[in-house]
Amino acid sequence: MVPWCSNLSTLFYHHDSVTSISRKLPSNIEEEKKEGASTESKLGQAGVMSRVTISWINPVLKLGYSKPLVLEDIPTLLAEDESQVAYKRFSYIWGSLSRDFNSSNAKNLLLRTLAITQWRENLFVGVCALVRTIAAVVLPLFLYAFVQYIKNESKIASKGLVLVGCLAVIKFMESLSQRHCYFNARRSGLRMRSAIMVAIYQKQLILSTLGRKRHSTGEIMNYIAFDAYRMGDTLWWFHRAWSLVLQLFLSIGIIFKVVGLAALPGLVPILLVIILDIPFAKLHKKHQSQFMVAQEERLRATMEVLNNMKTIKLQSWEDKFKSRVDFLRGTEYKYLAKMQAKRPYTTVLYWMSPTIVSAVVFIGCVLIKGTPLNAATIFTVLATLRGMSEPMRWIPESLSFLIQAKVSVDRLNTFLLEDELNVEEMQVSSKNLDKSSNKCIEIQGGNFSWEPESAVLALKDINLEVKRGQKIAICGPVGSGKTSLLYAILREIPKITGSVNVFGSIAYVSQAPWIRSGTIRDNILCGEPMDRTRYDMVTKACALDKDISSFNHGDLTEIGQRGNNLSGGQKQRIQLARAVYIDADIYILDDSLSAVDVHTAAVLSKKCISAALKDKTVIFVTHHLEFLTEADKILVMEGGQIMQSGSFEELLSAGTSFEQLVNAVSDLVSSEHGKKTETPNSNVDQFEESNECFPSEENNDREILACDQLTKEEEREILAGDRLTKVEEREIGKFGFKPLLDYLRVSKGSLLFGSVILSRIAFSLFQACASYWLALAIRNPKVSNGILVGVYTGISISSCPFVFLRSLLGVLLGLNASKAFFSGINKSLFEAPMHFFDTTPVGRIYTRVSSDMSALDLDVPSSLGHLISTTSDLLVTIAVMASVNWPVLIVSIPAVMAAIYAQEYYVSTARELIRINGTTKAPIMNCAAETSLGVITIRAFNIKDIFFKNYLKLIDTDASLSFHSNAAVEWLILRVETLQNLIVLTAALLIVLLPSKNLPGFVGLCLSYALSLNSTQVLMTRCYCELSNYIVSVERIKQFMCIAPEPPAIVEGMRPPSSWPAYGRIELHDLKIRYRPNAPLVLKGITCTIMEGTRVGVVGRTGSGKTTLISALFRLVEPESGRIHIDGLDICNMGLKDLRTKLSIIPQEPTLFKGSVRFNLDPLGQYPDNEIWETTEKCQLKDTISSLPNLLDSPVSDEGENWSIGQRQLLCLGRVLLRRNRIMVLDEATASIDAATDVILEGIIRQEFSGCTVITIAHRVPTVIDSNMVMVLSDGEIVEFDVPSKLMETDSSFSKLVAEYWSICNRNSLQSSRSLQRNSQTI
């Protein structure tokens, strides 16, 4: 307590300085705000009356009523509401508190931080809530005064008018205080939400490797999508909870004042309700926690599926992973059902408690006889208890939400306290580069482990010194620690002992390409300003100039999610260009040549590494040993240690590990060189000049420069008509009852919905009849007090089954809808064609299955039930008032019509605000996901600020929509409240002015309902607004339930024989492929026959159509024309499952799933352990897996991050070896493994798949040169297709490719040719 008070006092001292500092926005952000199409919110310039009446939002509402709003129409936030300001305040307090709190008492650190940062706003909100609560509590006393006034024989009109005037003041105070309480609570919550979202993003930028293992990308996205958004509503629910509790106790005090000790028996049912609520609350908290855990697990699995859908479709695993997601959803649904199953019981408990309490109080009055049971007493008690019904109903809802919020706070608190990288060590910049020192990197006595608490070291006894300008090559077998060494330099792997010093800025190129959504130019510049001269030099050095020239929009060509419309080589070269453009001091390249063909690799080696980076320090991992001679020093890794270090000649003469690697290449070189006829004499330069099979290297400067001269508006216009990733669709205009009808139709809940309405009307009528009985019988002397109370109690209790039935049927309707909608969208996603995932960002899909699904699970049923209840109560209230005092209809009817018009006026704007808001969440999710996947690159480049700034902009855009949506709700409710206040005041005025026609009992009845009219109307309006907002989620989910599916998995009547394909003969007839209707042809009429049992090598420059050919074979993309026959059957006529299960593929990018090694080798569980072990031995992983504690059950983390890229590729090879299909495709299957392992695997593949048709796409010439046939592709056409020996005898493109390979080997080994020759002769 003392430290907390100390921190609080510190806050008071520093708060003003923090606020003033945080409000000073950087000039670049101010400039961007000026550039934006939208203007700042009018709240900043609003006067007092405009603020009080929330009229400052009128321009937005007027515009929304005149036309459908678009994002540019929405004003921006005030500076004080922006995420940057909120985060600065948050981080200042968090940093202050975290320094004083240790791990033992940091459990509620986040809660303390939020409480302190929001204390001023909460103070104002609290005052408003207190004023509203007091105003609501004293209203029944006015009823008592009015009844007493009517009973008085000598009435003084002025006294009655004073009562009406005081009632008017109290009602308007209640309205204004509640509206500003709610608006400012939401506004403060919005700041809190923004601060937390920014804190989560900032945390993931500095999260340690251990922290990343504990919090996957999917989990981090859940923290943003669920926990942060939930925290944004927490303040509203918190103030609602305590004010309702206060209202409950004050109402009890009013009852004691009116009936005295007779109120004591009434405390018994209240206490009973509280006691009965305790086990329900505990169960709810338990099920809520279980539900959130299950939801998180389901979303993690869904994200994994979305990120790897291509692999799932290639392997025909849709059913397996769909059942996996369905199973996780089933667990989530079970806990959802358990949560909702308690709702009918708690509903009965809280809806009936006021009735039971009133009956007990009346019985107390009868027994104690201290208080007369007259109209004033009865209806004051009823009015008070009717006011108490709001706390009794909403306190459990508030506690339920606060329980959820506490779970979210704990999760966020744990995440924000996770281990971080040493930020000071990570601040490596060119400032640190001592020009006088020759040292660039120094590691002394370094021992590193991915798990510091474990005894297993990833790197042992590392001693490394790199001088400025050196080229350092790292080689070694798969799993030897090459990438770990790079991570040690980047400080991404925990250091156990030793020291790591890096002097200079770093550029890093990862082995698995990290590509952002956007244009090629965006990816290369990565936030840096455009320097045309340097830009052209970089694209040419990275062999991107020809690719850019070939694209319709040059470097403004859009890249899809994770670069899905690019080849592996293009992605690698783009991220290499990104590194070269940034002009760093140190370049770290992790096997950046593995995904490109030999020609491109030669260009990159010559023009990029040797020329563009000639004065830079370059550390590169490579399996292309032919490029090692260009290195000043070579490090040979094995078992996590640097086994050898030196130049090429030194290592070759030393023998051992390096000799084995070179021998492997020599085996391939000598054996394949001897098999073929003598190649035409050629060299690299000749090849570059005369290569006719590939696109010209001549750069189209005109097209690229034209792109550079375009303005941002012109760029948007160019891309608008031919975007890969389309702007997210949203409905426009009135939706009427369509979403609700869709909700009922999909859930088949029309009957349930009708029953809910009837049950609720019946409950309201029974409640009204009970009150009417009291008004009629109170003045009848023949009716004793016992009968009066007994009949009232009987009628009231008769309504109990109806309220239970209403809640139960509502729960069933909601659960049916949840099940039906999830089943529909999940089925639709798994059946969607690959094109859908190529053109739809993952974040856009994720928001449907996360936040939209959550709204459909919880919010839509709740809002719909409350809307039905409040509408029923409102109609009955007006009916009761009219039956007592019909002239009130003169005001009621116009007021109701005006309220309906106001709602329609509001809905025109609110509907579009919510729809647009649905589209602004996906970019936040995309940004968070992309950052999480590329965080190592971002940290290495030290460009966190660029991504951080973009993220702030996305959050502010999303928050602006929420801010104006909340303001619009309060605008509407304030006006509706004003209209209802007029009805109440009219009723009171009529009672005063027409006293002769009013009996005390009916006066009490009329006013008791009139005083509840306001809260009923407000609640109905709020529920209507909430339902209008939440029903948009139904719209959005329904959109993705209607995705045009890919062809069916099984086509009855067209199923191939079980033995198909018996031979493996593949025939292509004039095959033409384009990815989209408006896209150019990628394959341009390919015709060829691949004979059964042959090994076909497919070669060609990056982007020539090799991977597209494989996609066509697996029907990931349907042919525009032409046919593909396998063993005489047209594959386009059969089901996709029948086709894909008979083909095997190792894709270009190896994919692993979270689970075990066994699951990743055999996801369908079809093979026994002995076969799996045999397979691991064949794919060179048995020793590695045998050394793990859990063997085949050893864990594989998200994206297989705890396995190297080479090991992942070997595991993918293991899958293929298990399936043993007649047709196998190897798409760069050995690109990320060393030459020695490649030799072994090529032999295993030849042995295991002898007699099978094997199609191999590879950049290593030795990998394809011993194929039976070689296919050379260029620009989507077959240039050559023949036996390799024949192609080698002519001046063919393939012979030039082979010649280039040998010339590269000869050129790079010129300095050590004699040593290599001696070594080869020794072999």
Side-chain angles (χ1 to χ4, degrees), residues 64-65 67-70 229 336 728-757 760 809-829 844-871 900 903-922 961-962 965-966 968-969 972 1020-1043:
Y65 189 69
K67 75 177 188 74
L69 293 175
V70 294
Y229 274 87
L336 173 67
E728 184 169 0
E729 294 180 4
R730 64 182 178 91
E731 301 291 335
I732 296 176
K734 294 183 178 180
F735 49 51
F737 292 104
K738 185 179 181 301
L740 180 60
L741 294 176
D742 286 338
Y743 182 79
L744 298 177
R745 182 178 57 80
V746 173
S747 63
K748 299 179 181 177
S750 300
L751 183 60
L752 285 173
F753 181 69
S755 302
V756 167
I757 294 175
R760 181 61 214 195
L809 295 176
V811 166
L812 291 176
L813 175 61
L815 291 175
N816 288 349
S818 294
K819 183 180 287 187
F821 274 93
F822 181 81
S823 176
I825 191 172
N826 201 40
K827 180 174 181 291
S828 179
L829 287 175
R844 193 177 295 175
I845 305 172
Y846 186 82
T847 53
R848 258 73 171 192
V849 297
S850 56
S851 54
D852 286 326
M853 199 67 224
S854 180
L856 197 140
D857 284 341
L858 301 171
D859 299 321
V860 172
S862 176
S863 299
L864 185 58
H866 287 140
L867 180 61
I868 293 171
S869 299
T870 52
T871 304
I900 292 172
Q903 287 183 356
E904 289 301 313
Y905 186 80
Y906 153 83
V907 165
S908 300
T909 300
R911 176 180 56 229
E912 301 307 324
L913 285 173
I914 295 301
R915 283 170 171 168
I916 299 170
N917 199 12
T919 66
T920 58
K921 290 177 184 176
L961 288 154
S962 298
S965 181
N966 292 333
V969 170
L972 172 65
M1020 190 199 80
T1021 304
R1022 183 170 293 282
C1023 292
Y1024 172 77
C1025 295
E1026 289 178 351
L1027 184 62
S1028 298
N1029 295 346
Y1030 293 135
I1031 208 73
V1032 172
S1033 293
V1034 174
E1035 240 181 29
R1036 287 163 52 79
I1037 293 175
K1038 188 72 168 44
Q1039 281 179 345
F1040 277 26
M1041 290 172 64
C1042 301
I1043 304 167

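In this structure, the side chain to side chain donor-acceptor pair (under 3.5 Å) partners of Tyr229, at least two apart in sequence or on a different chain, are Asp958. The salt bridge (Lys or Arg N to Asp or Glu O under 4.0 Å) search around Asp859 returns none, not counting sequence neighbours. Lys748 is linked by a salt bridge (Lys or Arg N to Asp or Glu O under 4.0 Å) to nothing, counting only residues two or more places apart in sequence or in another chain.
The line from CG of Leu961 to OG1 of Thr920 is 5.0 Å long, rounded to the nearest 0.5 Å. Taking CE of Met1041 as the start and NZ of Lys827 as the end, the distance is 9.5 Å to the nearest 0.5 Å. Between the OG1 atom in Thr909 and the CG atom in Leu972 there is a gap of 11.0 Å [rounded to 0.5 Å]. The line from OG of Ser862 to CG of Leu867 is 11.0 Å long, rounded to the nearest 0.5 Å. Taken from NZ in Lys67 to CD in Glu912, the straight-line distance is 9.5 Å, to the nearest 0.5 Å. Here the CG-OG distance, from Leu741 to Ser750, works out to 8.0 Å after rounding to the nearest 0.5 Å.
Taking 4.5 Å as the limit, every side-chain heavy atom of Ser1028 sits out of range of all side-chain heavy atoms of Ile914. Using a 4.5 Å cut-off on side-chain heavy atoms (C-beta onward), Pro861 and Leu813 make no contact. When side chains are defined from C-beta on, Thr870 does not count as touching Tyr1024, because their heavy atoms never get closer than 4.5 Å. For the pair Glu1035/Arg911, no side-chain contact is recorded, criterion being any heavy-atom separation below 4.5 Å from C-beta on. Counting heavy atoms from C-beta outward, Leu864 and Val756 have side chains that stay 4.5 Å or more apart. Counting only heavy atoms from C-beta outward, the side chains of Lys1038 and Val746 approach each other to under 4.5 Å. In this structure, Tyr65 and Ser908 have side chains that are in contact, with non-hydrogen atoms separated by less than 4.5 Å. Between Ser962 and Asn917, the closest side-chain pair of non-hydrogen atoms falls below 4.5 Å.
Partner Ser1033 forms a side chain to side chain donor-acceptor pair (under 3.5 Å) with one of Thr847, Asp852, Asp857 and no other, that one being Asp852.
Nearest heavy atoms, His866 versus Cys1023: CB-SG, 3.3 Å. Closest approach of Ile916 to Val70, counting heavy atoms only: CD1-C, 3.7 Å. Of all heavy-atom pairs spanning Ala820 and Ser747, the tightest one is CB-CA, 4.1 Å.
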In sequence, state the C-alpha distance, the side-chain angles, and the governing distance for Ser863 and Tyr1030, and then conclude on side-chain contact (heavy atoms from CB on, under 4.5 Å). CA-CA 8 Å; Ser863 299; Tyr1030 293 135; 3.3 Å; yes
side-chain contact (heavy atoms from CB on, under 4.5 Å) between Val969 and Tyr906, worked out: CA-CA 8 Å; Val969 170; Tyr906 153 83; 3.2 Å; yes
Working for side-chain contact (heavy atoms from CB on, under 4.5 Å), residues Leu752 and Leu744: CA-CA 9 Å; Leu752 285 173; Leu744 298 177; over 6 Å; no
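No side-chain donor-acceptor contact under 3.5 Å links Ser854 to the backbone of Ser850. Looking at Ser869, its side chain does come within 3.5 Å of a backbone N or O of Gly865 through a donor-acceptor pair.
Between Tyr743 and Phe821, the ring-plane angle classifies as parallel under the 30° and 60° cut-offs.
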